[in-house]
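Order of appearance sets the numbers: ligands from 1, and atoms from 1 within every ligand. Heavy atoms only: backbone and side chains are in, while hydrogens, waters and symmetry mates are out. Since the structure is predicted, the reported quantities are computational estimates derived from the model, not experimental observations.
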Amino acid sequence: MQAKYLDKIIVTFVLELNKELITSEMSIDIQKIRSDFPILAEKIYNKPLVYFDNAATTQKPQVVLDKLIEVYTKYNSNIHRGVHFMSNKATVETEEARNVVQKFINANQSCEIIFARGATEGINLIAQSFGEKYIFENDEIIVSEMEHHSNLVPWQMMAQKKKAKVIKWEFTDAGELELDTLKNLITSKTKIIAVNHVSNSLGTINPVKEIIEIAHQHNIKVLIDGAQAVQHIKTDVQDMDCDFYVFSGHKIYGPTGIGVVYGKEHLLEEMPPYQGGGEMIENVSFEETTFNKLPFKFEAGTPNYADTIALAAAIKYISEIGIDNIAAYESELLHYGEGKLKNIPGLKFIGTAKNKTSVISFNIDGLHSYDVGMILDKMGIAVRTGTHCTEPVMIHYGITGTVRASFAFYNTKEEIDKLYDGLLKVVEMFA
Ligand code: PLP
């Protein structure tokens, strides 16, 4: 290629890059956003908090805290079965929250949205109920090697109960799942594939749409664990065509104790209830019970309506900022962070997939992840250390754990600079 054309391409590329940076910086008003999260003003050991433990749980904006207070001070009342004003109000707000979630992940109908305690309970619900109906002796369940324990153990339990097998889909050393490997694992016995949308310990964004397409060619169902995805990237369950999708409220700026299970209506209709009790019934005599329609069939007992309503407030809040703006800004943080941290002597990244979001996992030669985390803590910097509930990932790399810095859209490049300075000090201390 002639040099003059090369120059032109480089100039255009730089202009495009600048345009992208300007766009994402302009669409995120970071000072305003930070002021929405009261906890970010806290001091830890008299130092400003740098919160990089967002993959474990996210902080809550004032609108979510206000919503919880609103529920408990204005219309707290058990839902669905009351005739009085407050019960009706709480019921309407809860069902409106279901519509908010439906719209957010683009489910076809609100009855396909089931509220559970979190992603963990959601996966247990699917494993138990789907497994009860469709998994039999010698059947196979493909689970990726990079799953959080909550998307592995429920399948192990189901497999044990039904004498089925859990098949490991290994990832590459970069932390990527390869589709050809999957194709070789599929057999006529495969019933379901369980895989995360984004890995919590590696940050990999998995090619879920392609995975689902391959699975469906073989009439295999797919459960996507979206616990680390919905808060970072656009989620469209119809476009993906997944059979099941789960996520946790507390990782998407909502309260703890609430999560979402999406399932295709015809599958949920065919599957048996997960738990028995109030709400999930249609009629009960001492001898037998008929079950309620969707989604209530899967929501036994008094639902966590207060946190459900506050989850909707969190989803509305991030939707106003725009998930695409969040994704662009967080991608900028990730690349800035990786660019900075690679200069720390002896630092090795764990998880170097091409397509990543918001997670930097690493180790430093000769240092234990706990020691690194504890010293950073004294500087007011919160990171997570250890296995991140993904022991098979650690076994893959032959390590005991990693240090994980995970970002949210309220983090800044200045905070990443503090992490960098902190790590340099850690390295100096142990030198
Ligand atoms: N799946 C992934 C990928 C996660 O990162 C987590 C939590 O870290 C979970 C599932 C479990 O979420 P919860 O503990 O909120 O149920």
Side-chain angles (χ1 to χ4, degrees), residues 51-60 64 101 105 114-128 143-157 169 171 175-177 193-208 211 222-233 235 240 242 244-262 274 304 307-308 310-311 314-315 330 350-351 353 355-361 382-394 396 401-408:
Y51 187 75
F52 282 152
D53 196 15
N54 294 288
T57 198
T58 52
Q59 300 305 343
K60 318 304 169 200
V64 169
V101 173
I105 62 170
I114 296 157
F115 290 115
R117 275 196 301 129
T120 303
E121 190 177 49
I123 297 166
N124 275 280
L125 184 159
I126 301 299
Q128 291 290 324
V143 178
S144 102
E145 192 189 15
M146 66 167 78
E147 295 314 301
H148 189 281
H149 296 161
S150 61
N151 199 20
L152 171 60
V153 181
W155 297 111
Q156 289 173 336
M157 289 163 68
W169 178 10
F171 60 82
E176 290 174 334
L177 288 170
I193 298 170
V195 63
N196 60 52
H197 198 166
V198 170
S199 152
N200 67 308
S201 48
L202 304 172
T204 313
I205 303 176
N206 284 313
V208 286
I211 293 169
V222 183
L223 173 137
I224 303 292
D225 171 2
Q228 297 293 341
V230 284
Q231 63 279 52
H232 299 301
I233 52 179
T235 301
M240 229 183 278
C242 57
F244 304 105
Y245 196 95
V246 298
F247 67 91
S248 290
H250 70 99
K251 293 185 196 282
I252 184 169
Y253 313 100
T256 51
I258 187 70
V260 170
V261 178
Y262 157 82
Y274 167 56
N304 185 354
D307 293 320
T308 303
L311 170 63
I315 291 176
E330 289 179 344
I350 308 294
N355 203 8
K356 276 187 68 176
T357 179
S358 297
V359 167
I360 303 184
S361 255
V383 292
R384 189 141 294 240
T385 60
T387 66
H388 319 298
C389 290
T390 55
E391 284 183 31
V393 172
M394 304 304 140
H396 177 110
T402 75
V403 182
R404 181 184 71 184
S406 52
F407 307 126

Sub-4.0 Å atoms of ligand 1 with respect to non-hydrogen atoms of [X]:
{"X": "Ser248", "value": "12 (O), 13 (P), 15 (O), 16 (O)"}
{"X": "Asn200", "value": "5 (O)"}
{"X": "Ser150", "value": "1 (N), 9 (C), 10 (C), 11 (C)"}
{"X": "Gln228", "value": "3 (C), 4 (C), 5 (O), 8 (O)"}

>> Over 60° means perpendicular and under 30° means parallel, so tell me whether Tyr245 and His197 are parallel, tilted or perpendicular.
In response: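 The rings of Tyr245 and His197 stand perpendicular, inter-plane angle above 60°.
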>> Walk me through whether Leu202 and Val393 qualify under side-chain contact (heavy atoms from CB on, under 4.5 Å).
In response: CA-CA 9 Å; Leu202 304 172; Val393 172; 4.0 Å; yes
> Can a non-hydrogen atom of His250 be found less than 4.0 Å from any atom of ligand 1?
Replying inline: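 Yes, that is the case, since the closest heavy atom of the residue is under 4.0 Å from the ligand.
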> Do any heavy atoms of Lys251 fall under 4.0 Å from ligand 1?
Replying inline: yes
>> Asn200 and side chain to side chain contact (heavy atoms under 4.5 Å, CB included): which single residue from Arg384, His148, Glu147 fits?
In response: His148
Looking only at protein heavy atoms, identify the closest one to [atom] and say how far it is in Å.
{"atom": "atom 2 (C) of ligand 1", "value": "Asp225 OD2, 3.4 Å"}
{"atom": "atom 6 (C) of ligand 1", "value": "His148 CD2, 3.2 Å"}
{"atom": "atom 16 (O) of ligand 1", "value": "Thr120 OG1, 2.6 Å"}

> Have Thr402 and Ser361 got a donor and an acceptor in their side chains that come within less than 3.5 Å?
Replying inline: yes
>> Checking His149 against Thr390: is there a side-chain donor and acceptor pair closer than 3.5 Å?
In response: no
>> Tell me the closest heavy-atom pair linking Gln231 and Gly226, and the distance in Å.
In response: OE1-O, 4.2 Å
> For ligand 1, does Asn196 get within less than 4.0 Å through its side chain, its backbone, both, or neither, judged by non-hydrogen atoms?
Replying inline: neither
> Within a reach of under 6.0 Å around CE of Met394, are more than 12 heavy atoms found that belong to other residues, nucleotides or ligands?
Replying inline: yes
